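Inspection log for the structure reproduced underneath, given as structure tokens.
None of the values given here were measured: they were computed from a predicted structure.
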Amino acid sequence: QKEVEQNSGPLSVPEGAIASLNCTYSDRGSQSFFWYRQYSGKSPELIMSIYSNGDKEDGRFTAQLNKASQYVSLLIRDSQPSDSATYLCAGGDSWGKLQFGAGTQVVVTP
Amino acid sequence: DAGVIQSPRHEVTEMGQEVTLRCKPISGHDYLFWYRQTMMRGLELLIYFNNNVPIDDSGMPEDRFSAKMPNASFSTLKIQPSEPRDSAVYFCASSPSSRSRETQYFGPGTRLLVL
């Protein structure tokens with residue numbers, strides 16, 4: 001049974017709009033959360049990490065964490081065609097082990 | 001830094017053959033992870049090492065799979081004998097120790113096709 005759940009998409013977003021990606025997790029032992037971006041045929045690339053409740057902003061990306069609701073989200077502002085990729089949510093335990101979701105495919109349309 | 005290096009990048013083999021995948025982690029990283037990615041099952045952790053010692057191999061699918069890390073700069077994942085259902089992309093990742101160990105850096109992957 002998957003412990004990290006994401007909508008598979010595709011999520012179609014007009015260029016310049018905000019893309020909103022959601023992730024839920026079942027393991028309350030998860031202490032850290034990550035968003036990886038994976039282009040087709042490429043390896044996952046870390047874009048955001050978040051460890052405490054609230055928001056964390058980095059450029060056009062904002063990660064949000066709510067541990068009480070076991071919910072993580074990623075907002076991509078001013079979406080660009082180069083943001084078209086699959087976004088993987090992952091939860092980490094105290095040993096550094098990550099549990100990945102299946103990923104959400106984002107398609108930014110010009 | 002060159003990043004995580006994996007070889008070969010592509011491998012095509014026949015069922016029953018032995019397959020060996022190789023990984024060189026980022027220098028100074030103490031953790032090394034092997035993942036498998038398929039459309040059906042997504043990204044799955046197979047095994048990970050800390051300071052060359054296997055810590056958790058609960059994700060290794062069966063005895064046909066084995067992994068070693070003889071030193072800090074080299075690891076192998078071996079499948080013997082290989083089966084068509086082993087076809088997948090295999091990623092190696094490494095991370096630094098202590099507070100940043102959840103920050104994993106992935107190699108380019110090995111795309112394996114077993115006929």
[X] [atom1]: over 12 foreign heavy atoms closer than 6.0 Å:
{"X": "B/Arg64", "atom1": "CZ", "answer": "yes"}
{"X": "A/Asn7", "atom1": "CG", "answer": "no"}
{"X": "B/Glu62", "atom1": "CD", "answer": "yes"}

Say whether [X] and [Y] are linked into one hydrophobic cluster, either directly or through other cluster members, by side-chain heavy-atom distances under 4.5 angstrom.
{"X": "A/Ile50", "Y": "A/Ile47", "answer": "yes"}
{"X": "B/Phe106", "Y": "B/Leu46", "answer": "no"}
{"X": "A/Leu11", "Y": "A/Ile76", "answer": "yes"}
{"X": "A/Phe100", "Y": "A/Phe34", "answer": "yes"}
{"X": "B/Leu112", "Y": "B/Met60", "answer": "yes"}

If I measure from the heavy atoms of chain B, does A/Gln38 come under 4.5 Å with its side chain, its backbone, both, or neither? side chain
Just so I know, are the side chains of [X] and [Y] near enough to count as touching, which here means a heavy-atom distance under 4.5 Å?
{"X": "B/Leu45", "Y": "A/Leu98", "result": "no"}
{"X": "B/Thr103", "Y": "A/Ser49", "result": "no"}
{"X": "B/Gln104", "Y": "A/Tyr36", "result": "yes"}
{"X": "B/Tyr48", "Y": "A/Lys97", "result": "yes"}

Within residues 65-94 of chain B, residues adjacent to chain A where the heavy-atom gap is under 4.5 Å: B/Phe91
Tell me the residues of residues 51-59 of chain B whose non-hydrogen atoms fall below 4.5 Å from those of chain A, in number order. B/Asp56, B/Ser58
Is it the case that the side chain of A/Ser43 and the backbone of B/Gly107 share a donor-acceptor pair, with hydrogens and angles ignored and the cut-off at 3.5 Å? yes
According to salt bridge (Lys or Arg N to Asp or Glu O under 4.0 Å), does anything in residues 65-80 of chain A pair up with another residue at least two apart or in another chain? List the pairs. A/Glu57-A/Arg77
Write out all pairs satisfying disulfide bond (SG atoms under 2.5 Å apart) with one or both partners inside residues 40-110 of chain A, taking only residues at least two apart or from two chains. A/Cys23-A/Cys89
